[in-house]
Structure formats: structure tokens, C-alpha cells
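These numbers were taken from a predicted model, which means no experiment stands behind them.
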Amino acid sequence: MTNSNQTLAIKEQLQACRSKEETFKTLVTLSKKLPRLSAEEKIEEYKVKGCESAVWLITEETNNIRHFKADSDAKLMRGVLVAVLSLVEGKTIAEIQAIELTNKLVELNLSSYLTSSRTNGVLAILKKIASN
């Protein structure tokens, strides 16, 4: 599945949710798609500051194309990471910075679900993704 098809499929799944419970279940299901990081990868350098749960984000760049690996100790955040990473995986930094990531969270039907502390964590993740 191409990245844009994956993003569309995730967007459709999340937009179909009619309650916080459905959104939660969908995010937990999505969390299973995120490969776990090894203990060696879960180091302070990759930890995202400002998240309520522990979140690690690794950015790798090959030929100007960014690839991401991420993990969290919370299933819900792992699901959010799957959704967020589907928006940016395989793009250049310029393409990523051109995306209104916070608007995309609204499109993914996540903004109403995220508490203020979770939103701060997601914003910290988005900032780290879009940084050079």
C-alpha cells in the first residue's frame, strides 16, 4: 500500500468513529501496526520531550527522503503515532514543513479526542518531525 493510500485508509477509519470509545478502539488497533523499537533505540536522544507518556522518535534521511521509527509505552499514543507518521513518512523535509500537520489532526478526527496534555505531546512530536 502506498503511503497516500495508507494515510487515506487511516483517515477513513478515524473519520468513521462516532464516539470517543470508537476512536480509542481504532487507535489501539492502529497501534499494532507500529513496529516496536529495540531497547537500544529507546534512548534519551530519541525521547520526545513534553509527552505525558514516553515517546521515542527516530528520524533517518536517505537521498533527502525522511523515514521515521517511533514507539511509546502507551497503546493510545502508538496509535496516534501510526496516524501522524502516515502523513510524513517518505517525504522530504520541505514537503513535511509544507503540511499543516495540526490541521491534518483535525481531518483525522483526533483533535476532539486528545486531552490538552496529550495535545501538547502530539504537538511536541509534530515539532520534532518538522525540525531540520
Side-chain angles (χ1 to χ4, degrees):
M1 186 183 304
T2 67
N3 201 45
S4 60
N5 288 345
Q6 181 184 11
T7 303
L8 185 60
I10 290 169
K11 182 178 176 181
E12 287 172 353
Q13 280 181 279
L14 289 167
Q15 286 179 337
C17 297
R18 295 289 163 238
S19 67
K20 286 187 176 189
E21 292 77 19
E22 274 186 68
T23 303
F24 181 83
K25 286 178 185 172
T26 301
L27 288 170
V28 169
T29 301
L30 286 174
S31 75
K32 296 173 184 166
K33 295 182 177 193
L34 190 66
R36 302 306 302 235
L37 293 180
S38 68
E40 294 78 29
E41 292 172 309
K42 291 181 178 180
I43 58 174
E44 198 61 33
E45 176 187 349
Y46 300 132
K47 203 164 189 185
V48 179
K49 311 285 184 272
C51 289
E52 194 173 275
S53 350
V55 175
W56 297 269
L57 178 69
I58 300 171
T59 305
E60 297 170 342
E61 195 167 318
T62 308
N63 299 326
N64 272 351
I65 302 297
R66 291 230 163 154
H67 301 284
F68 300 91
K69 295 195 296 187
D71 202 351
S72 175
D73 62 353
K75 281 185 185 175
L76 180 70
M77 278 309 295
R78 287 175 50 75
V80 170
L81 285 166
V82 170
V84 170
L85 294 181
S86 76
L87 300 169
V88 296
E89 174 60 34
K91 295 187 177 350
T92 66
I93 186 63
E95 290 171 324
I96 292 167
Q97 290 174 339
I99 299 170
E100 288 291 335
L101 290 172
T102 49
N103 292 346
K104 293 292 181 186
L105 290 180
V106 174
E107 287 177 27
L108 290 173
N109 204 22
L110 289 179
S111 57
S112 62
Y113 184 76
L114 297 173
T115 62
S116 59
S117 60
R118 283 195 193 116
T119 299
N120 290 338
V122 172
L123 291 175
I125 292 165
L126 297 179
K127 185 177 178 181
K128 189 163 176 134
I129 286 171
S131 67
N132 286 326

Donor-acceptor pairs under 3.5 angstrom involving side-chain atoms of residues 54-63: please list them, not counting sequence neighbours.
from	atom 1	to	atom 2	distance (Å)
E61	OE1	R66	NE	2.9
E61	OE1	R66	NH2	3.4

Hey, does K42 have a side-chain heavy atom less than 4.5 Å from the side chain of R36? yes

Using a 4.5 Å cut-off on heavy atoms from C-beta on, say whether the side chain of I65 contacts that of T92. yes

Please identify which of these residues, L126, I129, I125, meets the side-chain contact (heavy atoms from CB on, under 4.5 Å) condition with V48. I125

Answer yes when E89 and K69 have at least one side-chain N-carboxylate O distance shorter than 4.0 Å, and no when they do not. no

So, K104 and E107, do they make that salt bridge, N to O below 4.0 Å? yes

Between atom NZ of K33 and atom CG of L81, what is the distance when rounded to the nearest 0.5 Å? 14.5 Å

dist K75:NZ -> T29:OG1 (nearest 0.5 Å) comes out at 9.5 Å

If you measure from NZ on K25 to CD on E22, what distance do you get to the nearest 0.5 Å? 7.5 Å

Any side-chain heavy atom of L108 sitting closer than 4.5 Å to one from V84? no

Check whether any side-chain heavy atom of T102 lies under 4.5 Å from a side-chain heavy atom of V122, and answer yes or no. no

Within the structure provided, determine whether I10 and T26 are in side-chain contact (heavy-atom separation under 4.5 Å). no

One should read off an interatomic distance between S31 OG and D71 CG, to the nearest 0.5 angstrom, of 10.0 Å

Are L85 and Y46 connected in a single hydrophobic cluster, I mean Ile/Leu/Val/Met/Phe/Trp/Tyr linked by side-chain heavy atoms less than 4.5 Å apart? no

On a heavy-atom basis, which atom in P35 and which in R78 lie closest, and how many Å separate them? O-NH1, 4.3 Å

